[in-house]
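Per chain, numbering begins at 1; letters A, B, ... match sequence-line order. Computed from a prediction, not measured in an experiment: that's the story for all the values here.
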Amino acid sequence: MPREISKAYEPQAIEQRWARAWVDEKLFRADARAQGPVFSIVIPPPNITGSLHIGHMLDHTLIDILTRWHRMRGFNALYLPGTDHAGISTQRVLVRLLAEQGIDYRKLGREAFEKRVWQWKEESGGTITRQMVQLGESCDWTRERFTLSPELSRAVREVFVRLYEEGLIYRGKYMVNWCPVCQTAISDLETVHEERTGHLWHIRYPVIGTNEQVVVATTRPETMLGDTAVAVHPEDERYAHLVGKMVRLPLLAREIPIIADRYVDREFGTGVVKVTPAHDPNDFEAGRRHNLPQIDILTDDGHLSKAAGPYEGLERFAAREKVVEDLKAQGLLEKITNHTYAVGTCDRCKSVIEPRASTQWFMKMKPLAEPAIAVVEHGEIEITPENWRAVYFEWMRNIRDWCISRQLWWGHRIPAWHCENGHVTVARETPAKCAECGSTNLAQDPDVLDTWFSSALWPFSTLGWPDDTEDLRVYYPTSLMITAYDILFFWVARMIMMGLKFTGQVPFRRVHLHSLVLNAEGQKMSKSKGTGVDPLELNRQFGTDAMRFTLAVMAAPGTNIILSDERILSYRAFANKIWNAARFLFVNLDKFEATGITLEELAAPEVRAASPHRLRGALPLADRWMFSRLARVAHKVNAALEELRFHEAAHTVYHFFWGEFCDWYIEWVKPTLAAENHEEARAAWRNLFAVFEAALRLLHPFMPFLTEELWHRLPQRAGAKSIALDRYPEGRETWFDEEAERQASLLQEIIVAARNIRAELKLDPRKKVAAELTADAHIRSLVHDNLDAVLRLAALSELKLTSGHLSPKGGLVRSTAQFDLRMAYGQAEDLRGEVIKLRKEKDRLAKDIESKKQRLADETFRSRAPENIVRGLESTLHEREVEYRKLRDRLAHLEKQLGEGGAAAS
RNA sequence: GGGCGGUUAGCUCAGCGGUUAGAGCGUCCGGUUUACACCCGGAAGGUCGCAGGUUCAAAUCCUGCACUGCCCACCA
């Protein structure tokens, strides 16, 4: 046990040392054959492109707290780490990096590009995992996975082929969200609706063979170039005579029909709508119903295509202006009105997406969603906080097919091969010939899968599926999924669907959705917006343990987390407090050794396991109280963690350690530690060490580094490896010692009362003064038995114990129903402050008593409220009345005194 | 257009049916108590957004309103 210990906690060196040691020793390697109930959790795989941001830090902190807690409780715990290949994100990063080097990725070609990405991944893709090691996360690094590794790719192909064979994956031309910047289709979830104020352009379409014209309104005038009809409601009398006639499409002079369709809203605008089947979801459906041609007027990169005639080549927004200008010139623009509408933007690049009919791969979701709804309904998967259940159900019940193909190069290549005759062969391995016509002229589909496709398989693909592995049998279904609520649909819902479909089991038994971490302005932290904070910088500044503790304390469900330096600072102070409590033990080792106690003795398991109730009676009050509090706190922390109430668990240990262990217990037993009576001193040391060591274990899941370091500095059994493998304090209810808690808090009240008077009198804290305590025999005897501690902690020279009523004369008094404490004062003190205070207190008490009396006088209350509530109220009322009488007498006395002195005249 | 949160001490937030509503920071007063000034002791500070209702009992449950944040949505 080292004697030299720095005065303040300096986390950096300690953290680095333990982080490395834990990995080197493979301390957290899970053994599928180990004993104990299983706790398994897979990480929400971070993107390889990123570095660790505060959101990850929160995820990982909560996961790690629970993993360490379970491990310490004897669970066979697995925390499986890994990363996501992050299709679009990674491709975007690489394209940019290459561009910076003057390389056009398209010219590089697909194969060379992929090679570059892999190379980059090897060099830079490990940032996050390195950072996770630094953070000391208790993952099993031997089981690290990557969504694009050969093993996981195999799972992806297996799933794709099976779904295709069942008809749940299909290919076809449908309306998709097209991002002209990323140049790929994206899913509905990846488009973010943004409210914008724009215009509604009203355009005249002349009806051929008449003098009439119809007016259509549109938010995207350039799409008129792709119109293949205009539509009216079949029962709209205004236009009934026009149905079946043709209109001349302005600018292009194309003749298109006027059709009747129920999807037209007669109330909106003129009741006539232009139909652009290739660029609007409603029009697409209408186009199918009426057999209209689809004219795609766009190119992949958002310019106008050949189909746009004279507008070919124009950028889409330039084309809009030109179209409007030309319509205006031809007098075909009736009016422009203001209009707010929601525009879809690309989640990745924020550019406006274009609805576009395109041939893509889709997954049928309804059949997959049904069982996924059922398992949550039936509680096979518990979602916390509960309000997310409703959100989940809502989305799942209205789920639409998922566009899974992406026009990218980085990702899982779709396992489909096209032959020259247009047949498609879907296979697990590259086929030699077309399954339909036998052609050997095959080309693999160029598209890759949406990143979330492989993420959806994560809980079982990482454990070895599709093989029937030991890991899968032992660790699947996983115990819990912890992630931010913003990927409930993207990821959580899809994992549930895929897990059920392919393993017949839920992927996890519980989902905990935590809040987002926002900055001081309440904005979502984001690197692109420059509003992010670097958690590693904060860790360096305040210590990882302080950061972890802050996040845990703030992880209360419901609200978002707003991080501030002040808050982290207060938990850095907490870490320092723990450090200094340890320091107290270490710097007093000479006193400790003087008692003849050995370190071996302290490390003995029977001392550690000492169950307080066995010792009760033999122990001094302070120790009985402390052990009881320890048990109660352990009980509460365990219960809180069981229910994922991290903030409550953290609060509880914080208050226990600082407010009870340090502020009261250590101060209380200090003299005993140096007592002449060695047996007494030894017992005090033993208990102090035992409580401190237990407190470290209690704290360990929250503050792994600090506790590991201090635990190793304490005497430990030979071969004891890590606090992380030690037992978590249990807090059995049989350890609670209510009598000791009651007595200790009474003594504390007396001490606080004395301190209060001292502060009021502005006494020099070192100056010891005499006081008088009036109380019943029971309390007097309690105080008498603990007189040394009371005198010392209240800085009293003596405490006279008296019975009966306290005479009203002289000194400052603090009273409760149980006792009166009086301290004499010199003549210089001004009593007016005290009088004001007492008056205020008297009013408050009078009001309180009045309301309690009223309650108790209420017959309905007495008959309906539970007995213990009524009795509790009665006894409280009695106490208040006692306090009130004492206070009234004191006040009268003081007022008289002031009045006589003439000081109250003013 | 639907839905979900939030509104509690100067600030950031806990508490979510039962006796005098809590924490951290900040404020004020007093401290070189040999573990800790990242500290110690004491104190001040709140008609729990507003209005109704349910209940013996409401910060806590219900309804409405007002701000405020977010999610979902194919009305041109």
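Here B:rA73 presents its P atom at 17 Å from CZ of A:R397, a figure rounded to the nearest Å. Atoms NE2 (A:H647) and C1' (B:rU12) sit 15 Å apart, rounded to a whole Å. If you measure from atom CD of A:E648 to atom C1' of B:rC13, you get 15 Å, rounded to the nearest angstrom. One atom, OH of A:Y485, and another, P of B:rC71, lie 7 Å apart when rounded to the nearest Å. One can place CG of A:L551 at 19 Å from P of B:rU12, the figure rounded to the nearest angstrom. Remark: P of B:rC39 and CZ of A:F661 are 17 Å apart, rounded to the nearest angstrom. The CG atom of A:D848 sits 14 Å away from the C1' atom of B:rG18 (whole-angstrom rounding). As rounded to whole Å, 14 Å separates atom P of B:rA76 from atom CD of A:E222.
Nucleic acid contact for A:N387: sugar-phosphate only, since backbone atoms but no base atoms lie under 4.0 Å from a heavy atom of the residue. When heavy atoms are screened at a 4.0 angstrom cut-off, A:V275 is found touching no nucleic acid atom at all. Within the 4.0 angstrom heavy-atom criterion, base atoms lie near A:V273. Within the 4.0 angstrom heavy-atom criterion, base atoms lie near A:P866. Residue contacts for A:E859: at a heavy-atom cut-off of 4.0 Å it reaches no nucleic acid atom on any strand shown. Heavy atoms of A:G872 sit under 4.0 angstrom from at least one base atom. Using a 4.0 Å heavy-atom criterion, one finds that A:R844 contacts the bases of the nucleic acid, with or without backbone contacts as well. If you check every strand for non-hydrogen atoms under 4.0 Å, A:K7 touches sugar and phosphate atoms only.
At the phosphate of B:rC74, OP1 or OP2 sits under 4.0 Å from a side-chain N or O atom of A:R400. Phosphate proximity of B:rA35 to A:K670: present, with a side-chain N or O under 4.0 Å from OP1 or OP2. A close approach under 4.0 Å does occur between a side-chain nitrogen or oxygen of A:K840 and OP1 or OP2 of B:rG45. Within the structure, every side-chain polar atom (N or O) of A:H339 is placed at least 4.0 Å from both OP1 and OP2 of B:rC75. Applying the 4.0 Å criterion to OP1 and OP2 of B:rA43, one finds that A:N756 has a side-chain N or O inside that range.
For the pair A:R196 and A:E194, the salt-bridge criterion is met [side-chain N within less than 4.0 Å of a carboxylate O]. With respect to the salt-bridge test (charged N to carboxylate O, under 4.0 angstrom), the residues A:R862 and A:E874 qualify. For A:R814 and A:E749, the salt-bridge test fails: no basic side-chain N is under 4.0 Å from an acidic carboxylate O. Taking a cutoff of 4.0 Å between a charged side-chain nitrogen and a carboxylate oxygen, A:R266 and A:D236 do not qualify as a salt bridge. Salt-bridge formation is not detected for the pair A:E667/A:R792: no Lys NZ or Arg NE/NH1/NH2 atom is positioned less than 4.0 Å from an Asp or Glu carboxylate oxygen.
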**Request:** Kindly determine whether A:E394 and A:R397 satisfy salt bridge (charged side-chain N to carboxylate O under 4.0 Å, His left out), including the steps that lead there.
**Result:** CA-CA 5 Å; A:E394 179 63 19; A:R397 285 175 185 142; over 6 Å; no
**Derivation of the side-chain hydrogen bond (donor to acceptor under 3.5 Å, both in side chains) call for A:D283 and A:Y263** = CA-CA 9 Å; A:D283 296 0; A:Y263 89 104; 2.8 Å; yes
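A distance of about 15 Å separates the C1' atoms of B:rG17 and B:rC48, rounded to the whole Å. Comparing the P positions of B:rC65 and B:rU27 gives a spacing of 42 Å, expressed to the nearest Å. Nucleotides B:rA21 and B:rU34 place their C1' atoms 40 Å apart, quoted to the nearest Å. Distance check on atom C1': B:rG49 versus B:rU60 gives 15 Å, rounded to whole Å. If you take atom P in B:rA35 and the same atom in B:rC29, they sit 28 Å apart, rounded to whole Å. The separation of B:rC70 from B:rA51, taken at their C1' atoms, amounts to 26 Å, rounded to a whole angstrom. With P as the reference atom, B:rC28 and B:rG5 are 41 Å apart, rounded to whole Å. Distance check on atom C1': B:rC16 versus B:rG22 gives 14 Å, rounded to whole Å.
Along RNA chain B, the nucleotide closest to A:I666 and the one closest to A:K837 are compared, and the more 5′ of them pairs with A:I666. If you find the closest nucleotide of RNA chain B to A:D764 and to A:V192, the one lying nearer the 5' end belongs to A:D764.
Side chain A:K577 to base B:rC36: a donor-acceptor pair is found below 3.5 Å.
Closest approach to the A:R855 side chain among B:rC71, B:rA35, B:rG18 is made by B:rG18 (side chain taken as heavy atoms from C-beta onward). In the set B:rA73, B:rU12, B:rA76, the nucleotide with an atom closest to the side chain of A:A342 is B:rA73. Closest to the side chain of A:R755, from the set B:rG42, B:rA76, B:rA35, is B:rG42. Nearest to the side chain of A:F489, among B:rG18, B:rC72, B:rC74, sits B:rC72. Which of B:rG41, B:rG30, B:rC74 sits closest to the side chain of A:H193 comes down to B:rC74. Each of B:rG30, B:rC40, B:rA35 was ranked by its minimum atom distance to the side chain of A:D663; first place goes to B:rC40.
Heavy atoms of other residues, nucleotides or ligands lying less than 6.0 angstrom from CG of A:D764 number more than 12.
Between the CZ atom in A:F705 and the CG atom in A:D545 there is a gap of 6.5 Å [rounded to 0.5 Å].
Side-chain atoms of A:T816 come within 3.5 Å of backbone atoms of A:Q818 as a donor-acceptor pair (strictly under, hydrogens ignored).
Aromatic pair A:F542/A:Y571: centroids not less than 6.0 angstrom apart.
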**Asked** Could you run down nucleotides 23-28 of chain B 5' to 3' and tag each one B, S or - for protein heavy-atom contact under 4.0 Å?
**Response** SSS---
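Every side chain to side chain contact (heavy atoms under 4.5 Å, CB included) that A:E841 has, sequence neighbours left out, goes to A:R844, A:L845, A:L887.
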**Request:** Using Watson-Crick or G-U wobble pairs with both distances under 3.5 Å, give me RNA chain B in dot-bracket, 5' to 3', with [ ] for crossers and | for pairs to another strand.
**Result:** ((((((((.[[[[.)..(...]]]].(((((.......))))).....[[[[[..)....]]]]])))))))....
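Relative orientation of the A:Y341 and A:H339 rings is parallel, given thresholds of 30° and 60° on the angle between their planes.
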